Protein chains: 2
Amino acid sequence: MATRQTVDPDSATPVYVQVADILRSRIEAGQLLPDRPVPSETQLQQEFGVARGTARKAIALLRDQGLVVTVKGRGSYVNPGR
Amino acid sequence: MATRQTVDPDSATPVYVQVADILRSRIEAGQLLPDRPVPSETQLQQEFGVARGTARKAIALLRDQGLVVTVKGRGSYVNPGR
DNA sequence: CTATATTTGTGCGTATGTATG
DNA sequence: ACATACATACGCACAAATATA
């Protein structure tokens, strides 16, 4: 198996940007498919060991970039229109 | 009757820890018996005036400490094995 | 079997406080 | 002063499991 992707709290790149970058790479690699959910905030917390706010900011970044759409109470999904 | 137990939102101790502490003391005092239910999340909300998430965190704390077990759709029970 | 109520599980939205660089 | 990041705590909505009428 591949080495698990991690985040570096001491990097110059903010952690929430690092998380967003990882998710973006997964989308572009086809590991996360259009109209399919991206990991929930809770899952991101657990996977990367970050606070919920940090997970939320990562998702917000992808949303601002048009890569995902978020549905209240349901989750975020890879933008179907790509 | 005894004065109703309350929670202090301004305490240094998080509210969910305070709630857990109160429930633990009831278990140790034999007011909550093994294999018998602890108050539901809704009851804890009402009794202590806290949010459901706070009540859930209190229960989760007791569960992590092995004091209670939780069954979806039923509730949480004082660990029978004590 | 169906319907309803209860309870826990999950998910997002928001606000506040603290600490650090 | 500001951005980042953590933790806490409120809220709302819906799903899933269970119990009961």
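Every chain is numbered from 1 and lettered A, B, ... according to where its sequence line falls, protein lines coming before strand lines. Since we're looking at a predicted model, the values are computed, not measured.
Spacing between atom NZ of K72(B) and atom C1' of dA17(D) amounts to 6 Å, rounded to whole angstrom units. dC12(C) atom C1' lies 11 Å from atom OH of Y77(A), rounded to whole Å. Atom-to-atom, CG of D10(A) to C1' of dT4(D) comes out at 13 Å; the value is rounded to the nearest Å. Regarding Q46(B), its CD atom lies at a distance of 12 Å from the C1' atom of dT6(C), rounded to whole Å. Distance CD (E41(A)) to P (dA5(D)): 15 Å, rounded to an integer number of Å. In this entry the distance linking CD1 of I59(B) with P of dT8(C) reads 7 Å, nearest Å. In this structure, R63(A) atom CZ and dC12(C) atom P are separated by 10 Å, rounded to whole Å. When rounded to the nearest whole Å, the span between CG of L44(A) and C1' of dC6(D) equals 16 Å.
Listed pair T70(A) / dC12(C) fails the phosphate criterion, with no side-chain N or O lying under 4.0 Å from OP1 or OP2. In terms of phosphate contacts, R74(A) brings no side-chain nitrogen or oxygen within less than 4.0 Å of OP1 or OP2 of dA13(D). Phosphate contact (OP1/OP2 of dA5(D), side-chain N/O of Y16(A), threshold under 4.0 Å): absent. Side-chain nitrogen and oxygen atoms of K57(A) include at least one within less than 4.0 Å of the OP1 or OP2 phosphate oxygen of dT4(D). At dC6(D), one or more side-chain N or O atoms of T54(A) fall inside 4.0 Å of OP1 or OP2 (strictly under the cut-off).
The partner of dA7(D) is dT16(C), by the rule that a Watson-Crick or G-U pair needs both atom distances under 3.5 Å.
Exactly one of L32(A), V78(A), L33(A) qualifies for a side chain to side chain contact (heavy atoms under 4.5 Å, CB included) with R26(A). That residue is L32(A).
To the nearest 0.5 Å, atom CD of residue Q43(B) and atom CD of residue Q45(B) are 10.5 Å apart.
Taking 3.5 Å as the limit, the base of dG13(C) and the side chain of R52(A) contain a donor-acceptor pair of atoms between them.
Here the shortest heavy-atom pairing between T54(B) and Y16(B) reads O-CB, 3.5 Å. Residues Q5(B) and F48(B) come closest through the heavy atom pair O-CE2, 3.7 Å.
Of all nucleotides listed (dG11(C), dT10(C), dC6(D)), dC6(D) comes nearest to the side chain of V50(A). Distances from the side chain of S40(A) to the nucleotides dA9(D), dA5(D), dG11(C) place dG11(C) closest.
Mapping G73(B) and A51(B) onto DNA chain D via the closest heavy atom, the residue that lands nearer the 5' end is A51(B).
If you chain together hydrophobic residues whose side chains sit under 4.5 Å apart, L61(A) and V19(A) never meet in one group.
Residue contacts shown for G53(B) are absent, as no nucleic acid heavy atom lies under 4.0 Å away.
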